[in-house]
Amino acid sequence: MTSQKEPQEGPSSLTKVTGPSSWSRVSCPCCISSHIEPLVLIQLAESVQPITKQWIMSMISAPVKTGGAQLLVHPGEDMKGDMIVVAAPRCTLLRVTEDLGLCKTYQDGNMTAFSFDDRDNFCNIDDMQKFLTLAERQYIIKYQVDSMRAMEDQRIPGIPTPKGKLKARESILQKLEKAGVIRNVTPLHEQKLLTALGKQWYSQKSLWGQPLDSIHAYFGGTIAYYFSFLDFYTLSLFPPAILGLFITFFLPSANFSSGNKTDSEPTPPKDDDDQPSVSSYMVQAVFSMLWSTIFMELWKRRSASLSYRWGTFNLAEQFQEPRPGFHGELGTNPVTGRLEPLFPEWKRRLRMGLVSVPVVGVFLGLVVMGMAGFYFCERLVSNWHKGSGSYFTAILLYLPSIAHIVYTNVLGNIYRNVALRLTESENHREESSFDYHHTTKVLVFTFFNNFAVLFHIAFFKEDMPLLRKRLASLLIVTQVVNQFTEVVVPFLVDRFLSSGDRNLKEDDPEVDRLQAQGSLPAFPGLFAEYIELLVQFGYLSLFSCVYPLTAPLLLLNNLTEIRTDAYKLCKLFNKPFSAPVANMGVWQPAFEVLSFISVMSNCWLLLLSPHVKEFTQEAGLSTNKVLVIAVIVEHVLIMVKMILAFMIPDEPDWLRIKREQIEYHSMQALKKQRIKSSRVDDKLSPNAKMGE
């Protein structure tokens, strides 16, 4: 939770290899500098001809109005090499900062939306390494390269048609990647900063605290928000973990096996000392509902504070260039007035409603069919084993589970590819919108795949001991597998298989270091990490009343998860690009949905608890009356949850005031600009009349 001081950025060690005389030239006097910072590496195919490489470099350095990126490029070793090193001039960095809607520190000390025309009033404006973080500078280069468009129909030199044919307004980067010319675009590591960050982060001896500001400065907002959430979530696990340990070891009623006894079995006499008056089952259920609500509301406040601190609470992606994969008829954007591909919103919604939703429904149906087939085969094999009792049938008892695991894994792999193609066919304009819809599709399937069996056991079979065993086995097996894959495997890979600095050539180590960075595997993203946390949160908020040790086990796992995730990110993968973000994106509402479902889940699990069943039987309540009472209690608890969410604001008061101040100052600046423009028009009008 703590935020340590960022390591200071110094001149890159790569500058001496790629000196200023080797870089492309800039026309703006304020962008001329004796120090040029290499930020991004573009790897080309080995078979690329020098004329093609020269054309790519010319487009990257060309002005934006001609379809270029207006960046600085260096050919690496020579024009025959397979890499291009990219840097960014000062004016390009500042103009894109305004386009992205980033906020920076104004001369009065407040965070203010950056304006290029008002740039002299912002702090550190003359030092780009202080004004922008390393991650922001590298993302700006990616943003510019992604924005390169062909202004007219043309052919890429050195590439035969049709691969080399570019249509007007077509994305140049996407065309080059499809043609196999560009293999990879990678942000470069700064080794001194990375070493300093590692010492603050995964190498420190204390189990708590992360250098969040340093993580944000080096890896960007997407990575920083994940680790901030993981840090906050792990800290929030302490209260339910303490309660779970207390219930398990100090309250005898935590043993739910009594709920599975039949009438024919002898019932042991009750001992008042062993059976507390308040059911631990009920305490855990109510606590889980309240905890999940308070946790999410406090996280939203923390997320809002981070977005202000990191200058991302005023992002304006809807006014940016379309993402590279976006296509449509060429036209004028009615908002920005820019010439770009246009795609009607009704067509996108039609594809989502008539294609995407039914296909997702079919796959969810296949999950249900797999679960039904699993239960059918399990019952069939069990009856066969009871009839024969042979070793062969005993072995066959494991066959349904193995077949079901294989089935779900294969179905999951097929679905991920289908979900990606469905999202591509929907043709979303912004990258965040594309990621949102793609993540949502996979998220729905993953949730259904992970929790369908548990819900079936809980609410259809009403078998609490089986649910408890299933949940315990899932948690324990997952812990063992995760600890092996998160700790042992990364260590072995780093120790024996990968390192970017072990095979450097003695004659040219800096160029070789560039190639070594490009040879590392690409970072797989945070999707799997968020899915793991979401499943954890589901186990805890939905079913922890059945197995109180859920929170302690998750806490132990996450204490090591923080360090191992940091270690893998710094040591085993290429540095990823990270876009400026104001929150966790689609993952935040996903956690909120689980928090809402936990109210209903815990309420009905409470109804199935042994204490409540015993109470309703002794009171002589009919099944219908019990259901009515359960529905009333459920709605009361939902109301309590809504009141709690209302009482805890999504952002602190100081941040709300800052936001309102920014809006007010923006309105005042707009008024002044209009008054100034009108005065200029008034002065020009008499001169025009005199000229007539």
Are the side chains of Phe591 and Phe229 in contact, using a 4.5 Å heavy-atom criterion?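 In short, these two side chains touch, coming nearer than 4.5 Å.
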
Taking atom types as modelled, find out whether [X] and [Y] have a side-chain donor-acceptor pair closer than 3.5 angstrom.
{"X": "Asp118", "Y": "Tyr106", "answer": "yes"}
{"X": "Gln138", "Y": "Lys575", "answer": "yes"}
{"X": "Ser356", "Y": "Glu426", "answer": "yes"}
{"X": "Asn110", "Y": "Thr112", "answer": "no"}
{"X": "Tyr226", "Y": "Asp565", "answer": "yes"}
{"X": "Thr423", "Y": "His438", "answer": "no"}

Worked verdict on Trp587 versus Tyr436 for ring pair (Phe, Tyr, Trp, His ring centres under 6.0 Å): CA-CA 9 Å; Trp587 299 104; Tyr436 180 90; over 10 Å; no

With sequence neighbours excluded, what pairs up with Lys641 under the side chain to side chain donor-acceptor pair (under 3.5 Å) test?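 Lys641: side chain to side chain donor-acceptor pair (under 3.5 Å) contacts with Thr293, Ser595.
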
How close do Ile140 and Leu93 get, heavy atom to heavy atom, and via which atoms?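 Distance-wise, the nearest heavy atoms are CD1-O, 3.7 Å.
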
Qualifying residues under side-chain contact (heavy atoms from CB on, under 4.5 Å), relative to Ala113, sequence neighbours excluded: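 Listed in chain order: Cys103, Asn314.
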
Would you check, one step at a time, whether the test ring pair (Phe, Tyr, Trp, His ring centres under 6.0 Å) holds for Tyr139 with Phe577? CA-CA 6 Å; Tyr139 178 76; Phe577 286 105; 7.4 Å; no

